[in-house]
Each structure stands twice: as structure tokens, then as C-alpha cells.
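Read the structure below first, then the notes.
Just the heavy atoms: all of them, side chains too, but no hydrogens, waters or symmetry mates, feed the values below. So that the names make sense, note that chain A is the first sequence line, chain B the second, and so on, each numbered from 1.
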Amino acid sequence: MSGQKINHILHQKQNIPICFSEAILQKVHKIIAHYPEGKQKSALLPILHIAQEELGGYLNVDVMDYIADLLKIQPIEVYEVATFYSQYYLDKVGKYVIEVCRTGPCAICGGEDIQEYLEGKLHIKDGETTADGLFTLKTVECLGACGFAPVMQINTEFYEHLTPAKIDIILEDLRLNATNDKHSDKTWAEKYS
Amino acid sequence: MGRKILLENSDIPNIKSFDVFRAHGGYVSVEKALKTMAPDEIIEEVKKSGLRGRGGAGFPTGLKWTFLDRKSNKPRYLVCNGDESEPGTFKDRYLMEKLPHLLIEGMICSSFALGVNTAYIYIRGEFKYLLGILNQAINEAYKNGFLGKNILGTNFSLDMYVHPGAGAYICGEETALLESLEGNRGNPRIKPPFPAVVGLYDCPTVVNNVETLANVGYIVNFGGDAYASIGLGKSTGTKLISACGNINNPGVYEIELGMSVEDFIYKEEFCGGIKDKLELKAVVPGGSSVPIVPKELILFTASGEKRLMTYESLAEGGFESGTMLGSGGFIVYDQNACIVRNTWNFSRFYHHESCGQCSPCREGTGWMEKILWRIEHGHGNMKDIDLLISIADKIEGNTICPLGDAAAWPVASAIRHFREDFIFHVQYPEIVKNIKHGALYKYDNQD
Ligand SMILES: Cc1cc2nc3c(=O)[nH]c(=O)nc-3n(C[C@H](O)[C@H](O)[C@H](O)COP(=O)(O)O)c2cc1C
Ligand code: SF4
Ligand code: FES
């Protein structure tokens, strides 16, 4: 599985020069300083979150190689991690990634209907992106919000007690705001102040 | 009954902020600990309190702390486990969101007791919103002299940082969590050595759950005996229970250990009974990993005693008729819930979340998912039911970490208590294929 994923990554290499902005670089160095001298690899997970958000919405191989360079580790160490965790995307995704919880507690409270409703409304299946590049639909496991079922996250923001009517409003809002580039929630980098 | 330790002040406006928290007695335990107590005295009080790990296993916290290797000259670490990904569990996020300073206060006292100068809070990546809340609270604690160098003018120093994961249930397992904190894939390590000896960066490390650490301030303030006087028998103190599923009042409740399960399910101030006046069918009381039990066995033990919300009572009868308190993720199923479908759902979860290091877990969870899919979708046969038991049996106890067991128990217990449901699925495939499962449709059809 991972072997295939890594092959997939390597085929995308374009050798495009990539760099964080000065402000983000400062944050990144602050995060590296959270860990002991020589243990800068510990900063990999938070920095990959930032990289994904700031450098194009997914982790392509050029981005990952840049992060490896930045943390003075081998590129393979970054690929290993990027292919393990579900929040890192290895391919281009929509502007809004809708992650619907499919696990037991949500499922017995209507989670499966929510997934079905979203598929019907957006005309895409699990893992696909709408033609306009706006929405990616993805089922995920328990989001730790089971008491508010059914639950989904859109770009890691929680939406709870979902009904078809609520979803109509949420998606309409996002469509209207799509031209506005500002995230409604703070970015990963902004969470470190 | 009914005393609170953690959520007593949770409704006070802006208790999230340092000033309000401090004005309501916050950080008093840090002053007491650092200025009037020796580290060993704190460990002694925690031992006396009977506090048990709230992350799922229920291991005595004081005892765990005594395992920390104090002879090596390496730095020691405290790591707070805020990964909270066990289906049914959403209490730690509630605590961190409402009362971030309560956790920080408990972690400062704990670090002082353990001789730790660097502490990390590991949160699951999906809790991105908590990263801002916790970082802000930590910054306030630094500004007010409760973190950093020479805290309160003593020679104790402590740095604290938050570390986000990136989506992987297995990172809740303590050694996988340490791997993840080191910037690696979340592959659990073989134990022993235990983290108390070889943990983060190969240094002695204590890993404790959010709720466990949040209790330490109270124990320092009022003493281990006072804590132990709350609760029942060896289940001391209170427990956060996150209740969900087909109930009227899902949410997070702090209960004094020892109340009856029946009161918890039916009383208005807790779950408030089953939704839509339906009948209770089954409960998974401690997160998806613990055995599912039918109504008769969750309300009463096999010997006919009232089942209580304690570690001991819920476990009474062993796996034949009992279950576990686990993480306190209390999932309630009504009469319409399909146990086969739920078991398939949980198997899919464990298959998806298996890290893949051990073949019994990696392959076995996949086989169970496939077979359960088959039965649930009307393609099963009678032999499949026993095949499931045999696979579950072969996974259990044969893996590096307990995820294997956690995947096996729900399947074994569902078949033990609801075998007739599985048989029905095999005997009547045409009926099974045509059932609409979504709860929204279920409600539509009612009137
Ligand atoms: C698969 C798996 C997942 C786990 N997930 C969590 C979790 O999300 N949070 C947690 O505190 N403990 C979790 N644990 C338990 C931890 O390994 C560890 O026992 C716990 O953090 C210790 O803290 P405590 O003694 O305070 O409970 C998990 C264990 C396993 C095997
Ligand atoms: S039991 Fe499963 S999750 Fe745990 S180490 Fe083995 S393969 Fe990984
Ligand atoms: S099952 Fe959906 S959030 Fe837990």
C-alpha cells in the first residue's frame, strides 16, 4: 500500500523551487525550538500541516523535499509520515474538503444518510472532487464528537447535528464565500502565536 | 453521591481565561506543591487517592509514577495523551476546550512530582481548534509565572508545548504516540521496555490521559484521602462519561463513580432515557473497544445485582457477561439498531486504523470486516459466524499492541450476546438486503 503511494509521489516531481514566506519561516523555527536540540524531526507533523495549507493545499513531492531539507532529514522520512496520516493529502483536493464521520455512533444517528445526501447533492462519490474544484468528499473515522452526531468537518472545522436542510445552508454559504480567500477559521500557522 | 471535581466551575463565563480561572481558586495547587511539598509527598498523595488512568486501561496513576526511572541522568518527560480517537469518546476535548488551565495546573503539579522540566500535550490533528485554545492558555501561564524558569521563585522550571497529530487512531496508544511525537509513523513499540524507562527520545517518560492529569490539582489541594472518599471502593473519584447514540441527552457528564447504570441511562439529568420512547437494546459503555452487552446485562449483573458505574461492577462476570468502563465512551443502542451492521462498522474502523505491523491484526481485522460485510449485506453463511469467532480468538493476545484485542472483543461479544441477529441475517438475506439503515429514514417512516 505505502509502496504504491510512494511511487505515486515520486512520479509527480517537478523540481519547482518552493519556499515558505518569511513570516511563516519564523513560525516554523519557533516550532522547531519546542523540541530538544537535534530532535528537530519532532516538528515534522505540525510543519506538514502548515506546508499543506500554505503551499498549495496538498503535499506534492517538491513540497515534501523542501520540508526534508528544512528539517535536515531524508526525503523518505517525510514520505513515510505523509503516507501514514489521514489528514495529509497526496493529491490535489478541492478548496473545501468535506470529511464525513462514518463510524458507529454517528452511523446509528444518521451519518450514513448524511454521506448519501452529500454524494447526491454534489454528484460525487467518496474520495472525489467536484468538477469546479470546490468540494472534495471524504469519509473519515470517528472525529471525537459523537455526542453531536451526525458530524462532519470542512477544512478541520466541525459541523454538528447535521440534517439535509443544514447541509444545504452550509454548502450554499461556502459557495458564496469561495471567491473570498480568507479561511473562516485560523490557519495552522496562526494557531501558534 | 454527585460530587464534582473537574467540571464544578465549567459553566463560569470565561473560565477559559487565566484571570477568571485564577479568581476561582485556579493554580492554588501549584503554589502549595512547589512551596510546601516534596515531590515524593505528591506521589504519595496520588497513590493514596486511588486515581486510575482515565485513558481506558484504568492503571493506578501513583503506581505508574513510581516506575519512572529516576536513576538515569537523562531528562524526564511528561506527555499528556489528548489523542482521543476511541469511537464514543469525546470527554477530553470537552475538558481542554472548557478548562484548559485545569489541565495545565495538573500537569505542572505532576511535572514537579516527577522531576520533569519539559511536558508535551499531544492532541489529535482533527482538534486543530484546540491548538489555539491550549497555546493561548499556555502563553497566559508563562506570562503569570506558572511556566518557564524558576516558577514562583523556586528552582523548579517547566516548559510546556502542544503537539498536534495528523489523523491516526493508533497514535492514542502510548508508544505509537511517542513515535508520532518524534516525527515518525505511529507504529507502536514492543513493550517492555515501558515508556517509564525508555520513552520519548529514549528518556524516562510518563504518559497520562488528559482527564487523569486534570485530577492532580484537586489531589494536591485536598489530599489523597479526600479524593479517595469520593466514589465507591477501588473506583475512587469521579469520571467523565461521554454519552452518545440513541439517547435523549447526549453529552459529557461528570459522575461520581458508583451510581447505577440504570440511573445514568434513564435519569433526566444524565442520558434522559432512550430517544423516541424506544426500548434499550444494548450498550457499549467504555468506547468501541469494550464488549457490547444487551439490556439485561448492562442494567444487572448475571447474578442479578444492579450494575454500577465502577471499574469493578461493569467488569463483573468477565467477558461472559460483563464489559469494561474503558474510556467512558458510553454508546447506547435502541431496539432498531442493527448489531450486525454496527459490528461490521467497528471492524471496518479497526481494519482502517491498524498500523499493519503485526499480521494477525493487519490481516485479521480485514478478514473480519469482509466477512461481516458479507453477512450484513445478505451474502453470509452459517459457517461465517464461527469463522469470525475463530479469527477474533487468533488475533487476541497475539499482537504488539492492544489494538488487536480491541478489534477482537467487539466481534466476539456481539456474537456471544446477539447470535440470533447474525443467524437471522444469514437465513433471510432478502429481508436483510432491503432494510434501509439510516436513522433519518428510520424517523421518516415512523409517522
Ligand atoms: C489502540 C489504542 C488507542 C488508545 N487511545 C487512547 C487515547 O486516545 N487517549 C488516551 O488517553 N489513551 C489511549 N490509549 C491508552 C494509552 O495507551 C495509555 O494507556 C494511556 O494514555 C495512559 O494514560 P492513563 O494511565 O492516564 O489512562 C489507547 C490505547 C490503545 C491500545
Ligand atoms: S496490533 Fe495492530 S495496530 Fe497494534 S502494532 Fe500490531 S498491527 Fe499495529
Ligand atoms: S462516531 Fe462520529 S464523531 Fe465519533
Between [X] and [Y] (side chain of the first, backbone of the second, donor and acceptor by atom type, cut-off under 3.5 Å), is there such a pair?
| X | Y | result |
| --- | --- | --- |
| Y120(B) | H34(A) | yes |
| R341(B) | A107(A) | no |
| Q153(A) | E126(B) | yes |
| H163(B) | A43(A) | no |

Considering all heavy atoms of both residues, which atom of [X] and which atom of [Y] are nearest to each other, and what is their separation?
| X | Y | result |
| --- | --- | --- |
| N246(B) | C109(A) | ND2-SG, 4.3 Å |
| E86(B) | C142(A) | O-SG, 4.4 Å |
| G104(A) | N345(B) | N-OD1, 2.8 Å |
| K128(B) | T187(A) | CE-C, 4.0 Å |
| C146(A) | G88(B) | SG-N, 3.2 Å |
| N184(B) | Y85(A) | O-OH, 2.7 Å |

Do [X] and [Y] have side chains that get closer than 4.5 Å, going by heavy atoms?
| X | Y | answer |
| --- | --- | --- |
| R348(B) | R102(A) | yes |
| V162(B) | Y192(A) | no |
| P36(A) | Y77(B) | yes |
| F84(A) | S180(B) | no |
| K39(A) | E182(B) | no |
| Y129(B) | E157(A) | no |

Got more than 12 heavy atoms from elsewhere within 6.0 Å of [atom1], [X]?
| X | atom1 | answer |
| --- | --- | --- |
| K13(A) | NZ | yes |
| K125(A) | NZ | no |
| E128(A) | CD | yes |
| K143(B) | NZ | no |

With a 4.5 Å cut-off on heavy-atom pairs, point out which of [options] contacts chain B the most.
| options | answer |
| --- | --- |
| K41(A), Q115(A), Q40(A), E99(A) | K41(A) |
| L44(A), I47(A), L143(A) | L143(A) |
| V140(A), V78(A), V81(A) | V81(A) |
| F158(A), Y88(A), F148(A), Y117(A) | F158(A) |

Could you look at [X] and say if it's the side chain, the backbone, both or neither that has a heavy atom under 4.5 Å from chain A?
| X | result |
| --- | --- |
| S242(B) | neither |
| I247(B) | neither |
| V332(B) | backbone |

Drop me the distance from [X]'s [atom1] to [Y]'s [atom2], to the nearest 0.5 angstrom.
| X | Y | atom1 | atom2 | value |
| --- | --- | --- | --- | --- |
| F346(B) | T103(A) | CZ | OG1 | 8.0 Å |
| E190(A) | L131(B) | CD | CG | 11.5 Å |
| L45(A) | Y122(B) | CG | OH | 6.0 Å |

Which of the residues [options] is involved in the greatest number of heavy-atom pairs with chain A at under 4.5 angstrom?
| options | answer |
| --- | --- |
| S288(B), C244(B), G251(B) | C244(B) |
| V252(B), T89(B), N135(B), N139(B) | N135(B) |
| H352(B), K91(B), R124(B) | R124(B) |

- Query: For A145(A), is it the side chain, the backbone, both, or neither that has a heavy atom closer than 4.5 Å to a heavy atom of chain B?
  - Reply: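 For A145(A), the contact with chain B is made by backbone and side chain together.
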
Would you please indicate yes or no on a ring centroid separation below 6.0 angstrom for Y35(A) and Y161(B)?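 No, too far apart.
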
